[in-house]
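Encoded as structure tokens, the structure appears first; notes follow it.
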Amino acid sequence: MGNNDFSRVLSLIESVGEYVLHWRNNQEARQVYSDAEFKTEADQRAHDMLCQGLNDLYPGTSIISEEDKFTCVRRPDEYWLIDPIDGTASWYHGYDGFVTQAAYIKNEIPIFGVIYAPALNKRWIGIKDIGAYLNGIKLPKLNSIDRMTFIDNTKEPHGITKDVMLSLAATEYVECGSLGLKSVMVADGTVDMFIKDVFVRDWDLAPASVILNEVGGCLVQANGEAYIFSGDILKKNGFIVARDADLSMMGLNAYKKCKTRSMA
């Protein structure tokens with residue numbers, strides 16, 4: 001699969017994202033069919049459209065989606081990993097922090113990632129060893145700066161984010177919804193760190209990982225191990241996204257200390 005092929009995926013993602021945006025005013029699309037995981041009819045519609053489009057563009061290439069009901073024993077050698085609506089709660093409640101996203105993974109390495117936020121009219125893409133782009137403009141490499149801005153999905157910092165911010169004497173904070181969106185806001189330089197100690201799946205972060213890698217950002221698991229796209233797709237507990245390796249290590253150390261204190 002050549003790099004030029006990915007432009008067709010960008011068009012598909014944008015098309016599905018525009019439908020998702022318009023479905024916010026459609027009562028049938030807003031129907032919730034899983035309260036436990038907060039799944040809506042719109043999630044399923046977007047899944048169907050993405051799968052159909054990818055099957056048309058790349059017949060025979062496997063697709064793994066958040067909306068699939070499966071137990072992943074062995075991943076394909078190459079496949080699409082998609083999250084039709086990342087940030088469904090934001091979408092449902094009228095906030096702008098939701099995206100449609102996809103990643104192409106080959107031999108356990110994310111090669112291409114795209115994240116489209118239709119309410120914000122922003123598109124992030126990353127192509128391994130070529131670069132990352134926001135609305136067609138290439139993103140520069142991230143540099144260490146005298147700033148420490150955190151991001152999370154509540155109006156005020158809370159939980160582990162608040163604890164780590166206090167530990168590092170950080171004062172700046174931005175509110176946003178989707179996990180993928182928060183991650184690429186580190187990649188484009190809007191914020192500097194994003195921490196979560198919740199159960200996370202690979203489709204949440206695979207697209208953003210390509211973009212982060214291309215600008216020198218860091219994505220690690222909360223236990224300090226590298227975030228890799230192999231093994232069980234459903235078993236990662238927490239992660240840290242940071243603009244550079246030094247800040248990532250600072251965040252990781254602060255996170256471990258805060259967790260130890262909370263368990264004491």
Atom pairs and distances, donor-acceptor, side-chain atoms in residues 96-103, under 3.5 Å, two or more places apart:
| unit_1 | atom_1 | unit_2 | atom_2 | d |
| --- | --- | --- | --- | --- |
| T100 | OG1 | P84 | O | 2.9 |
| Q101 | NE2 | W203 | O | 3.0 |
| Q101 | NE2 | D204 | O | 3.2 |

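- Between D48 and Q52, the side chains place no donor N or O within less than 3.5 Å of an acceptor N or O (distance only, hydrogens not considered).
- No hydrogens or angles considered: nothing links the side chains of S65 and D68 as a donor-acceptor pair under 3.5 Å.
- Q31 is linked by a side chain to side chain donor-acceptor pair (under 3.5 Å) to nothing, counting only residues two or more places apart in sequence or in another chain.
- Among Y33, W91, Y92, the single residue meeting the ring pair (Phe, Tyr, Trp, His ring centres under 6.0 Å) criterion with F38 is Y92.
- Applying the side chain to side chain donor-acceptor pair (under 3.5 Å) test to residues at least two apart or on different chains, the pairs with a partner in residues 244-257 are S144-D244.
- To the nearest 0.5 Å, the span separating CD1 on I105 from NZ on K128 amounts to 13.0 Å.
- The two atoms that bring G180 and D86 nearest to each other are N-OD2, 2.9 Å, heavy atoms only.
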Side-chain donor-acceptor contacts of residues 217-230 below 3.5 Å, not counting sequence neighbours, with atom names and distances?
| unit_1 | atom_1 | unit_2 | atom_2 | d |
| --- | --- | --- | --- | --- |
| Q221 | NE2 | A226 | O | 3.0 |
| N223 | OD1 | E225 | N | 2.9 |
| Y227 | OH | D202 | OD1 | 2.8 |

Applying side-chain contact (heavy atoms from CB on, under 4.5 Å), run through M193 and L247 and close with a yes or a no. CA-CA 8 Å; M193 184 175 288; L247 185 57; 3.3 Å; yes
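- For the atom pair CG (L168) and CZ (F150), the distance works out to 5.0 Å, reported to the nearest 0.5 Å.
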Worked check of salt bridge (charged side-chain N to carboxylate O under 4.0 Å, His left out) between K196 and D152: CA-CA 8 Å; K196 275 292 185 185; D152 207 351; 3.0 Å; yes
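- Taking R30 as the reference, nothing meets the salt bridge (charged side-chain N to carboxylate O under 4.0 Å, His left out) condition, with sequence neighbours excluded.
- The closest side-chain heavy-atom distance from Y58 to R8 is below 4.5 Å.
- R243 places a side-chain heavy atom less than 4.5 Å from the side chain of I145.
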N/O donor to acceptor pairs below 3.5 angstrom from side-chain atoms of residues 114-122, sequence neighbours left out:
| unit_1 | atom_1 | unit_2 | atom_2 | d |
| --- | --- | --- | --- | --- |
| Y116 | OH | E18 | OE2 | 2.2 |
| N121 | OD1 | R123 | NH1 | 3.4 |
| N121 | OD1 | R123 | NH2 | 2.8 |

